[in-house]
Amino acid sequence: MRVYNTLSKNKEPFTTLKPGKVGIYLCGPTVYKPSHIGHMVGPIIFDSIKRYLEYVGYDVTWVVNITDVDDKLINEANKRGLTMAAVAEEMTADYHRNLSAMGIDTIDHFPKATEHMTEIIDFTQKLIDRGFAYASDGDVFFDVGRDREYGKLSGRSLEAMQGEGGGAADRKKSSADFALWKGAKPGEPSWPSPWGAGRPGWHIECSAMAGKLLGETFDIHGGGLDLVFPHHENEVAQSECCHGKPLATYWMHNGLMQASGEADKVGGGGRARLAEGAAPAATAAPAATATTPAAGDQAAQEAGKIGKSKGAQAFSELLKKYAGETIRFFLLATHYRRPIDFSEERIQEVEKGLDTFYRFFDRYKRVTGDDFYTLPAAARREQGDFTPSADATEQAIHEHRRKFHEAMDDDFNTGGGIGDLFELVRLLNRFVDSEKLESTGKSDAAKVAVLKRGASVMRELANTVGLFRAPVQKPGTSGAGDELVGKLMQLFIEVRADARKNKNFATADGIRKGLAAIGVVLEDRPDGTSWTVQK
RNA sequence: GGCGCUGUCGCCAAGUGGCUAAGGCAGCGGAUUGCAAAUCCGCCACCGUGGGUUCGACUCCCACCAGCGCCUCCA
């Protein structure tokens, strides 16, 4: 396997510190507001990564921190007239609800900053003792000038770092120094420390908690690309100066979710392009002359990363419209390091693609009588290995499995893997078609066995990235499961079948159209008629 | 200004120094169907622009253009 490492800006062979074991630390949310989709990107990606690593055979420990003490939290609490702890508790619950709606149940620890004051204070003291930090009037700062390697993660040099040092400039030796401990102002939540009452700085909790749960050096540290500097850079500085060894072997950063803005809707053309034949412009003309004029420009300014977008809706709202699996699929279809433009239109598009799979699962059940979701699927890669028979379809199944592994082994290329899954469903549908399994039923045991093999490989592969683990109830299709509704539909279908038998197509079509008008779709197949509720 | 990322079919999106440049959505044609739906088959790209390296580049290098991120406690 190969993994892209921010530290080296290259894909590197994946090796672990301890054989067979992987420790992952992912920077989690500051719980001051309900999470938006941007907060789910990392967890979804790393949930898939952890599943895949376990599938490959590793024993994985995954930690996601909860930042429950922070300036933003204090502000929010003041604004709402609540305690900081109350706000944190409320938003942590929201975060957990979102995670479980996404099927993310692989996180082993959710350490909270407020529950690790002892570790944080010890860590800070250690840095002071070693001469890497200094106390200054109630605050404690990390002395960036003492760290020769400072800037190695983000590729910045100290000289290049200007900045006036923020509000605490007068207490710092250098403007680039950052707070490990912040003295409390009157009325602020605080914890006692050797330097007076205060709270931890932004970066220190991660260093302290990661060290406690995963050890001084662990395998993978992840987070959004926006955290590379200063957050991760400072974590590296603190931890490595404190322990004298690397913090993490691999730094994995996911691309950010972008608010797509309205540019493409307004201008029709999305990206502004140079007009064909426009002079190669050695004269750096003002960009405006070459771009799509007026309306598009204005709207494009709304675009940007979703964390800053005012329009970022709460994730819980999104879940009212789309199944968690749809959102996961949407994210996984793009490589994790690439930025993604968020738009509901895109999600709806992906939803249609997903339907191909769901339909196949239904079809599989009609043909074999087996539920796709209870198919035995290999949990470990070597368990799923098989030698294909001479059957061409079985050989193709084998080949798709190989290609899926190849994609995932190369820096977790879930997009490539999903493309392969699509090819696999098509192969299986074609097989059912050409062998007429739908009408002849289970008559040909050998053919059915090939289909089962294909379906279980599908399940095996999809499960490695957290897909198709359990049936999905799409928002807005409630009622479909009611017993009474089921019986009524059965009645409609029988009446209509009679009409069709008597070539009374007007009645048959009337029933179908009438049901379609209220969102129920009938489909006639060789082996009967099925019904589904559209949202 | 500094550091960095991105630019592949109408839209989304994998990928590769040379073999037919995945897949999805949309579209078109066909098979199937009483008609539909679904499914299957077929069609639909020369990879931002200009140079360079190379026997050969979409893939490597440079410049430019465009979009974006970070440098201000945002995943």
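Just so we're clear, the structure is a prediction, and the values are computed from it rather than from any experiment.
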Heavy atoms only, 4.0 Å cut-off, all strands: where does [X] land among base, sugar-phosphate and nothing?
X        : value
A:Leu522 : base
A:Gly28  : sugar-phosphate
A:Gly224 : sugar-phosphate
A:Gly38  : base
A:Leu225 : nothing
A:Gly155 : sugar-phosphate

Once hydrogens and angles are ignored, does a donor-acceptor distance under 3.5 Å link the base of [N] to the side chain of [X]?
X        : N     : result
A:Glu423 : B:G23 : no
A:Asp509 : B:G34 : yes
A:Asp524 : B:C35 : yes

Can you check the [X] [atom1] to [N] [atom2] distance for me, whole Å?
X        : N     : atom1 : atom2 : value
A:His253 : B:A75 : NE2   : C1'   : 10 Å
A:Leu256 : B:C70 : CG    : C1'   : 9 Å
A:Phe329 : B:G24 : CZ    : C1'   : 8 Å
A:Arg496 : B:A37 : CZ    : P     : 13 Å
A:Ile340 : B:G69 : CD1   : P     : 15 Å
A:Gln258 : B:U6  : CD    : P     : 13 Å
A:Gln348 : B:A26 : CD    : C1'   : 14 Å

Check this for me, if you would: do [X] and [Y] make a salt bridge, where the nitrogen-to-carboxylate-oxygen distance has to be below 4.0 angstrom?
X        : Y        : value
A:Asp410 : A:Arg2   : yes
A:Glu423 : A:Arg426 : no
A:Glu233 : A:Arg156 : no
A:Arg512 : A:Asp509 : yes

Report the nucleotide, chosen from [options], that has the shortest atom-to-atom distance to any side-chain atom of [X].
X        : options             : result
A:Pro230 : B:G34, B:A75, B:C71 : B:C71
A:Thr334 : B:A14, B:C70, B:A26 : B:A14
A:Glu349 : B:U16, B:G34, B:G24 : B:G24
A:Arg512 : B:C35, B:G4, B:C71  : B:C35
A:Arg525 : B:A13, B:A75, B:A38 : B:A38
A:Arg156 : B:A75, B:A13, B:C3  : B:C3
A:Asp433 : B:A75, B:U39, B:A13 : B:U39
A:Phe229 : B:C71, B:A75, B:A13 : B:C71

[atom1] atom, [N] versus [M]: distance in rounded Å?
N     : M     : atom1 : value
B:C58 : B:U20 : P     : 15 Å
B:A22 : B:A45 : P     : 11 Å
B:G69 : B:U49 : P     : 24 Å
B:U8  : B:G2  : P     : 26 Å
B:A38 : B:U59 : C1'   : 39 Å
B:A21 : B:G27 : P     : 26 Å
B:G1  : B:C43 : P     : 49 Å
B:C9  : B:G50 : C1'   : 23 Å

Under a 3.5 Å cut-off for both contacts, is [N] paired Watson-Crick or G-U wobble with anything, and if yes, with which nucleotide?
N     : value
B:C68 : B:G4
B:C58 : none
B:A63 : B:U49
B:G10 : B:C25

*Between A:Asp70 and A:Arg363, just flag the one whose closest nucleotide in RNA chain B comes earlier from the 5' side.*
A:Arg363

_Check: A:Asn65 side chain, A:Cys206 main-chain N or O, donor-acceptor pair, under 3.5 Å_ = no

*Starting from the C-alpha separation in whole Å, work towards a yes-or-no answer on ring pair (Phe, Tyr, Trp, His ring centres under 6.0 Å) for A:His203 and A:Phe142.*
CA-CA 11 Å; A:His203 321 293; A:Phe142 183 85; 9.8 Å; no

*Kindly state whether the pair A:Phe422 / B:G24 counts as stacked, where counting means centroids closer than 5.5 Å and planes tilted less than 30° apart.*
no

*With A:Ser530, which of A:Arg525, A:Arg359, A:Arg366 fulfils side chain to side chain donor-acceptor pair (under 3.5 Å)?*
A:Arg525

*Between A:His253, A:His232, A:His231, which is the residue that forms a ring pair (Phe, Tyr, Trp, His ring centres under 6.0 Å) with A:His221?*
A:His232

Verify the contact: side-chain N or O of [X] to OP1 or OP2 of [N], cut-off strictly under 4.0 Å; return yes or no.
X        : N     : result
A:Arg426 : B:G23 : yes
A:Arg430 : B:C41 : yes
A:Arg338 : B:G7  : yes
A:Asn429 : B:C40 : yes
A:Thr30  : B:A75 : yes
A:Arg500 : B:C35 : no

*asked:* Ring-plane angle category for A:His36 and A:His39, please: parallel below 30°, perpendicular beyond 60°, tilted otherwise.
replied: tilted

